[in-house]
Amino acid sequence: MSIEFKNITKTYDQAPVLENINAEIENGEFFAVVGPSGCGKSTLLRMLAGLIDITDGIIKINGKQINGLAAKDRNLTMVFQDYALFPFLNVEDNIAFGLKARKMPEEEIKKRVAHALEMVDLSDYKERKPRDLSGGQRQRVALARAIASDAKICLMDEPLSNLDAQLRVKMRSEIRDLQQKLGLTLIYVTHDQIEAMTMADHIMVLNDKHVQQIDTPLGIYNQPANEFVANFFGSPKINILSGNYQSNNHEITIDKYLKIKVNKKLDKNDYVVGIRPNQMDFETIDNLKEGNASVKNVSNLGSQTIVSALLDNGQTVRIVKENQLSIAPGERIKATSRGDAFVFDPEKRNLAAISVGV
Amino acid sequence: MKNQKRVIYNLIIVLTVAFLSLLPVSLLGNKQASAADNSKRIKIVFWHEMTGPAQTQLNEFVKQFNKSQSKYQVVSQFEGTYEEAVQKILNTHESNTSPAVFQSADISVSQLYHSGYITKVQKFIDKDKSFNVNDISSVARAFYSQKGELLGMPFNTSQPVLYYNASLLKKYNITPPPMNPSYSDITRVAKQLYQRSNKKVKGMTMEVYGWLFDQLIANSGNYSVNNQNGRLATPTKASFINSGSLKAMEWIQENVKSGDFINYGSGTNASANEMAAFLSGKLGIFMESSADIGQLTLGMKNQKLGVTYYPHADGQKANGVAIGGAALWISNDKSSEVQQGAWNFIKYLESAKNQATWQKATGYLALNKNSKKTKTLKNLYKKNPALKVPSEQLAKTVPNNSNSGIFVEGIVQERIILNTALDQIYNGSNIKSSLTQAEEAMNSYIKNNNRANGWRY
Amino acid sequence: MEEENNLLDAKKQNILENSKKSILANKISVKKNDKFYALLFLGPSLLLLILFIFYPMLKTIYLSLFLTNGNGQNTVFVGLENYVSLLTSSTYLASLGSTFVYVIGVSVLTIFLGLLLASTASKNVRGSVFFRTIFSSTMGVSISVSAIFWLFIFNPSIGILNQVAAFFHLPILNWSTDPNLAMISVIISTVWMNLGFAFLVLFSAFESLPLSLYEETAIEGVGPVYRFMHVTIPLISPTLFFVSIITLIESFKSFGLIDLMTAGGPNNATNMLVYQIYQNAFLNGNYSQASAESVILTIIIAILTFIQFKYLEKKVSY
Amino acid sequence: MENLNQWTGSKKTWHYLLLIILSLLILGPFIIGLWTSLLPTADISSGKLFIDNISLDNYWAALTQTPIIRYLFNSLFISILTMICQVFFCSLAAYAFVFIDFKYRNFYFYLVLSTMMLPFEAEVIPNFQTIKSLGLLNSYLGMVIPFMTSAFGIFMLRQSFMQMPYELKEAADVEGLSHWQFYLKGALPYSKLSIYTLAAYSFLSAWNQYLWPLLTTFSDDYRPVQVGLRELQSQETFNNWGMIQASAAIIVIPTLIVLYFGQHYFKSGLNEGAVK
């Protein structure tokens, strides 16, 4: 089941919430839609589901235009953030709810519900009411409902955001496994970049009414289309620094020690440079007059250490080292780049060049 | 949650059981009615306002009439007070619930006459050779006639009379009032009763009831509205203030002042309370319709009831009072077949025998001149001569425009207005100013009413 | 060449048609059935409300501008004359006055006694559930039953009140004929009937009071009276307001008890607004007057309801 | 609510005394009514209230000599019919206001809400005409039709539906439930408590209807208890007090049962619908 968005626009009371969205999703793909809250990702999902109208543009499923088709006729399922379980129905009836509404034969319903319960490992809980289940179990009931419906497209709207961190990690792999097993085309909306990175085949980054980038997780990480994408992905957050371009040696200078080589000719003087914290390095300096920064804060995570420091030119940088360090705030350091960096246009904030090593 | 469920189930069960247990009873009720309701019979809906023994007797008449023939089925329905009934009749006209024949009181004569909703009984009298209208009391007929035509057939006719508890009077050694008492005769008895009973027994009362006030005026030969109570032309003004009403109200206030008078207010409850007090020996004298005689005799098992004519002012001859009660009317929104059935029913009720039975059972006066020849009445009078008093009062009355009722629309309004005035007067207000207020209220009502109907005002 | 051109044209044509189709398709809503369902679901209620509330309101206003004849037909247009005569009629003004006395009397007593019952029952002692059931029991009493119970109690000659009074050699009161006493008797009966409801609502407000606040005031050594006035009352004030306004509105609309107990008397002392309407329309056949009275009643109720809405708006999101 | 351990014995006694006094005040009219319903009328009207020849004769008289059973049946029928209609139509309208998107939705809602400002008592004249022209005077339907829906009910259920997570509706849309199906299988069961509250409330208010049946009924076949009792009272000019008190007692019992079971819903529903 392939899906295609073509110039999708959505306005509420004249105010646009989405503009010119284009995307293609392949059959069997795990497609994540990521963006900060309020960026319109849920709206996009609901337009695909047929829950809200499209203002302009075309949505196709398997090459067939489905604008105006009612939700039930689109042959897809949806898993919601709050699970959308009926409190007065037990697990079994919640799963069978839609099937009964579609007047499926009793036998078939039984078979499917049993199968779905088995898939999510809830067979022992089928008599329970939702309020007697834990958050993770409720989420699995919602998944089971999607499984039982037999539709090949599944939409998920932040399905894990109400779970605690540990459970979330576990559910991620469960959902991914299910998707693989059932061969679902899965559209997964989340504001959590890690979820998207770890689960998706392709990611669509949405912000400010527009698609920022559509790519594989690595593609997005390695070649962010713009400053927003670069900022949104990666943890700890990328360092965004301003620097000057010297056309004579194709170099962008942030300060006296922090310099980025650019592999192509640029035409402006000021640029914004993004350097991931793990692409930076530093050494401690004893002489207080030397170096280019002083340490502000140190977080020891055990396997790595995150140091944040204030450059002498007033900009802050985060640096990650893959070992344990004994360093205290106030110490002088000399911060340098290992080489990999993104150069963004200062106005449009689009990717202008990539620096790979020195 | 489980508890709630249980409660709900209980509730549903209780309601269902209640419903199911009532269902057969009410269906049975329906069935009985419909079984008697021979589908071939023509249904004659009859609305009445009779209560107590009168209702029982009336229903008995209906039953007998239905048995006496097989063409019609009279269905009687109680409709509350006279005041409520008139409006119900007008409101439901030409709907599927309106009655074919109905009982409506003196208050509605002009209103029904002008409504155009009735078929005058004169029409049936003229056609029906088997019925001799002259058998019916001419005084009663005059009341319900206009321009020589009988509009409705007088049925339950009463006279306002004065009741006293003869046993109580005897107990306290008080001379009873004369048959045709004056105001001072009554005052004397009332005061003596109050004093000699050590203020335990109230001397007298007159219900706050405009009809009783109107009768005091009639008995003095005056008129309540101009154009001789509307008999000469459409009335344009009320005339509540006249020599008759002033004397009457002064008489009441005299008794109020000396403490022997008790006020029970107005309405159904008032008359019930008044009756209850009289029966329980806490009240000596009251004025009411002669229709109450039946109930009073029933209630006074061990006591003796005294009845006199309606009282009149001192030094004046009684002019006589108007009849009270109601007539039977035929609606013109039913087929001629139904109307004929209604007339047959009326005719049945007016027979000498039935009128005699009626008087015996209720205290309303037999209107058929031949009734007094029946055994029923002869026995009745022999047993309790007091019961003869209202009939004699009626017989002695020479009809004139003062004592033949008021031919004006809005008598209900007039009664309400008068009730307000009476209440004020009983509570010590100035008589003239209370009556002036009442007159003004009535005048503006008459004016608006005449205007609305396109009459002279 | 020509063939190619044709092909191109055909392609263009195709694209054009497609785009037309897509525009058409876009017009179709995924919720195309909603209009139908909205009509189906809302239609019945809306129709009923229009037929039995909006239309009659307009008709009432219309009727109030005419005179009506004996058969209830409106005949002469008189403009606001009915209102003028109403507002200058001492009877009507007196009726307005007694309605206000009644409404205030009923509301104040209902609130006061309701609070007393609710605060007494809110203390958890053994058997309090039993007492709560008793306190709410008058909610199950209908108008006619209440009227009959109280008519007997107030009956001047055989009623229990005067019998007890006689037994103790107290003055016998004439409850049904003394205007003031009649008003009191009607107020007492109404309050008694209202109490169950007022108690139930106020009690649930007491029940939901935060315990911690009580503990704190207990620690601070605040006396019970001070606490009731300064802690409890402000906390339950939304409920208090709700009960007051509902009681006010309902007592302005009182009819049944008055019809059964006093029929507006004695001397019009208990002739409240709705009873006046009934009396004028359905006993006197004076529809125009009754309509004008109806409009005035509506204005009073509308103002009170509006106040209630305004207050609710702060509490409830529409 | 208060630490009862701190209560001294005398304080407790005073509290019980207060509870008992208040209970007697509330129950007084019931007790007097029930007591007199057991006495012979003759004794009541002569003022002998404290006697010992009590019997159920008055009840027997009320049941056999008056149409009280018929009145009760009528009332029950009218109240149940009103209750069903009100729950049905109010919930449909409330559903539309919450789950269906249509033009001028807010306008319609305020329109409905505004009817709460217009008292039915002030509109009886035209409504009488309407019922008359529909040929429904003196019929069950005539007494039910004007009360088949209510702004209060719509408002209350709308509040309750709005508390449902909207995702339930979306899930149902995806599953292919029509509005009708979701109304029946989703909205109604979810808002059970409010539905029961409205049911109890509409039942009681229909049971207590007075003015409207007084105006539109003309025979005992259709009179509900409230009006029936009025007719009984006015017909018994003698004021057969014993029998009338017995009739009142017969009538008050069903409502007390409904109240006993429905108490919880009145309380919660009234708070939900209006205060919170």
Side-chain angles (χ1 to χ4, degrees), chain B residues 81 83-84 86-88 90-91 93 108 110-117 202 205 208 262-270 272-280 282-283 409-410 412-413 415-417 419-424 426-427 429 437 440-441 444-445 448-455, chain C residues 66-78 81-82 85 88-92 94 147 151-152 154-159 162 166 172 174-182 258-271 276 278-289:
Chain B
T81 63
E83 287 87 343
E84 288 171 59
V86 185
Q87 222 46 47
K88 283 185 183 181
L90 295 174
N91 283 339
H93 192 72
S108 60
S110 169
Q111 210 170 359
L112 288 172
Y113 174 73
H114 288 117
S115 73
Y117 289 173
K202 285 283 184 179
T205 188
V208 173
I262 179 168
N263 174 12
Y264 286 100
S266 57
T268 332
N269 291 329
N273 289 340
E274 177 187 82
M275 185 89 78
F278 185 76
L279 291 179
S280 59
K282 290 173 180 162
L283 171 69
E409 293 208 5
V412 177
Q413 184 75 21
R415 297 275 153 85
I416 292 168
I417 290 169
N419 286 357
T420 309
L422 287 179
D423 230 326
Q424 288 170 354
Y426 290 7
N427 282 307
S429 299
Q437 250 178 30
E440 279 167 1
S444 90
Y445 177 82
N448 268 350
N449 190 59
N450 288 0
R451 230 170 120 199
N453 286 297
W455 302 333
Chain C
F66 286 83
L67 289 181
T68 40
N69 69 8
N71 294 353
Q73 292 140 342
N74 42 322
T75 47
V76 185
F77 178 82
V78 292
E81 202 179 288
N82 286 318
S85 65
T88 52
S89 134
S90 57
T91 320
Y92 188 72
L151 268 177
F152 181 73
F154 288 124
N155 188 301
S157 46
I158 58 172
N162 276 347
I172 304 274
N174 216 335
W175 289 94
S176 58
T177 51
D178 182 305
N180 294 327
L181 290 178
I258 291 152
D259 180 49
L260 285 160
M261 289 186 70
T262 63
N267 193 10
N268 281 331
T270 57
N271 199 343
Q276 277 249 323
Y278 167 75
Q279 199 177 49
N280 268 323
F282 295 93
L283 294 184
N284 303 346
N286 191 348
Y287 293 100
S288 47
Q289 190 92 333

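In what follows, chains carry the letters A, B, and so on, assigned in the order in which the sequence lines appear, proteins first and then strands, with residues in each chain numbered from 1. Because the structure is a prediction, the values reported are computed rather than measured. Note that these values count all heavy atoms, side chains included, but never hydrogens, waters or copies made by symmetry.
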Tell me, side chain or backbone of [X] under 4.5 Å from chain B's heavy atoms, or both, or neither?
X	value
C/L260	backbone
C/A182	neither
C/N74	neither
C/Q289	neither
C/Y287	side chain
C/F154	neither
C/N286	side chain

Does the pair C/N155 and B/N273 meet the rule for a side chain to side chain donor-acceptor pair (under 3.5 Å), with working shown?
CA-CA 7 Å; C/N155 188 301; B/N273 289 340; 3.0 Å; yes
Segment of [X] engaging chain C (4.5 angstrom heavy-atom cut-off):
X	value
B/I416	side chain
B/N450	neither
B/Y445	side chain
B/N263	both
B/I262	side chain

Side chains of [X] and [Y]: does their closest heavy-atom pair fall under 4.5 Å?
X	Y	result
B/F278	B/T205	no
C/Y278	C/L283	yes
B/E409	B/N453	yes
B/H114	B/W455	yes
B/R451	C/V78	yes
C/T91	C/N268	yes

Roughly how far apart are C/N82 CG and C/L67 CG, rounded to 0.5 Å?
6.0 Å
If you count heavy-atom pairs within less than 4.5 Å of chain C, which of B/S115, B/S444, B/A277 leads?
B/S115
Any idea which of B/N91, B/L422, B/V86, B/L90 has the most non-hydrogen atom pairs under 4.5 angstrom with chain C?
B/N91
Applying side chain to side chain donor-acceptor pair (under 3.5 Å), run through B/T81 and B/E84 and close with a yes or a no.
CA-CA 5 Å; B/T81 63; B/E84 288 171 59; 3.3 Å; yes
